[in-house]
Amino acid sequence: MINPWISLAIAGAFEIVWAVGLKYTDGFSKLWASLVTLWAMALSIYFLAQALKTIPLGTGYAVWTGIGAAGTAILGIIIFSESTHAPRLLCIGLIITGIVGLKLTSTA
């Protein structure tokens with residue numbers, strides 16, 4: 001069995017993939033982008049479920065969504081030239097700080 005924190009990180013990575021993939025589906029009207037997005041959604045949920053066998057629900061869900069939110073925002077900056085204003089970057093940093101804090105204070 002894979003380490004639950006690694007499983008959670010993989011789940012978060014697939015969440016980033018499907019969130020960014022949504023941009024390319026054009027409302028699920030593009031077949032291949034839609035299939036990749038749905039595949040990433042399924043894998044994200046699968047790895048989250050595996051992690052939640054050990055990691056407490058509140059911690060696991062918060063970390064999963066935090067990875068997805070921060071990662072998607074960072075890729076939005078890189079891929080779609082979204083804003084890099086300091087307050088936005090600070091908020092992304094706070095999300096990452098929260099993820100690290102939850103991991104460090106977790107008993108799992």
Side-chain angles (χ1 to χ4, degrees):
M1 183 171 145
I2 194 167
N3 176 295
W5 285 98
I6 291 173
S7 184
L8 187 57
I10 293 168
F14 278 116
E15 185 182 4
I16 296 166
V17 171
W18 74 254
V20 173
L22 284 174
K23 183 82 168 168
Y24 292 100
T25 67
D26 195 26
F28 288 103
S29 65
K30 295 184 179 177
L31 177 63
W32 290 109
S34 297
L35 291 175
V36 168
T37 299
L38 291 171
W39 169 79
M41 285 177 176
L43 287 173
S44 181
I45 295 296
Y46 171 79
F47 282 103
L48 175 62
Q50 297 309 305
L52 292 180
K53 289 179 180 178
T54 305
I55 297 171
L57 173 64
T59 300
Y61 186 77
V63 169
W64 177 64
T65 58
I67 291 169
T72 302
I74 291 166
L75 282 182
I77 292 167
I78 295 167
I79 297 171
F80 305 113
S81 300
E82 294 178 0
S83 170
T84 58
H85 288 103
R88 186 167 195 258
L89 296 177
L90 174 64
C91 290
I92 294 169
L94 289 171
I95 294 168
I96 294 168
T97 301
I99 292 168
V100 171
L102 285 169
K103 167 60 175 120
L104 293 175
T105 60
S106 176
T107 58

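Remember, it's a predicted structure, so these values are computed and weren't measured experimentally. What's counted below: heavy atoms across the whole structure, side chains too, no hydrogens, waters or symmetry copies.
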Please walk me through it: do L52 and L8 pass side chain to side chain contact (heavy atoms under 4.5 Å, CB included)? CA-CA 8 Å; L52 292 180; L8 187 57; 5.8 Å; no

Chi angles and distances behind the side chain to side chain contact (heavy atoms under 4.5 Å, CB included) call for I96, I67: CA-CA 7 Å; I96 294 168; I67 291 169; over 6 Å; no

Taking L43 as the starting point, is it possible to reach I6 by hopping between hydrophobic residues whose side chains are less than 4.5 Å apart? yes

Classify the ring geometry between Y24 and F80 as parallel (under 30°), tilted (30 to 60°) or perpendicular (over 60°). tilted

Measure from the side-chain N and O atoms of S106 to the backbone N and O of L102, and report whether any donor-acceptor pair falls under 3.5 Å. no

Taking T25 for its side chain and A33 for its backbone only, find out whether a donor-acceptor pair lies under 3.5 Å. no

Same apolar cluster (I L V M F W Y, side chains within < 4.5 Å links), W32/M41: no

Should F14 and Y46 be marked as a side chain to side chain contact (heavy atoms under 4.5 Å, CB included) after you check the CA-CA gap, both sets of side-chain angles, and the distance that decides it? CA-CA 10 Å; F14 278 116; Y46 171 79; over 6 Å; no

With side chains defined as the heavy atoms from C-beta onward, is the minimum distance between W64 and I45 less than 4.5 Å? yes

Applying a strict under-4.5 Å side-chain criterion to I, L, V, M, F, W and Y, I'd like to know whether V100 and I10 cluster together. no

Following the transitive rule for hydrophobic clusters with a side-chain heavy-atom cut-off under 4.5 Å over Ile, Leu, Val, Met, Phe, Trp and Tyr, establish whether I16 and V63 coincide in one cluster. yes

Would you say S7's side chain and N3's backbone share a donor-acceptor pair under 3.5 angstrom? no

Is a side-chain N or O of T72 found less than 3.5 angstrom from the main chain of A69, in a donor-acceptor match? no

So, T54 versus W5: side-chain donor-acceptor pair below 3.5 Å or not? no

Exercise: identify the closest heavy-atom pair between V17 and A40: CG1-CB, 3.6 Å

Just wondering, do I77 and R88 contact through their side chains at under 4.5 Å, heavy atoms? yes

Heavy-atom closest pair, residues A70 and I95: CB-CG2, 3.9 Å

Heavy atoms, side chains only, cut-off 4.5 Å: are S29 and D26 in contact? yes

Any side-chain heavy-atom pair of F28 and L22 under 4.5 Å: yes

Could you see if L104 belongs to whatever hydrophobic cluster contains L94? Use Ile, Leu, Val, Met, Phe, Trp, Tyr and a side-chain cutoff under 4.5 Å. no

Shortest non-hydrogen contact from P4 toward A51: O-CB, 3.4 Å

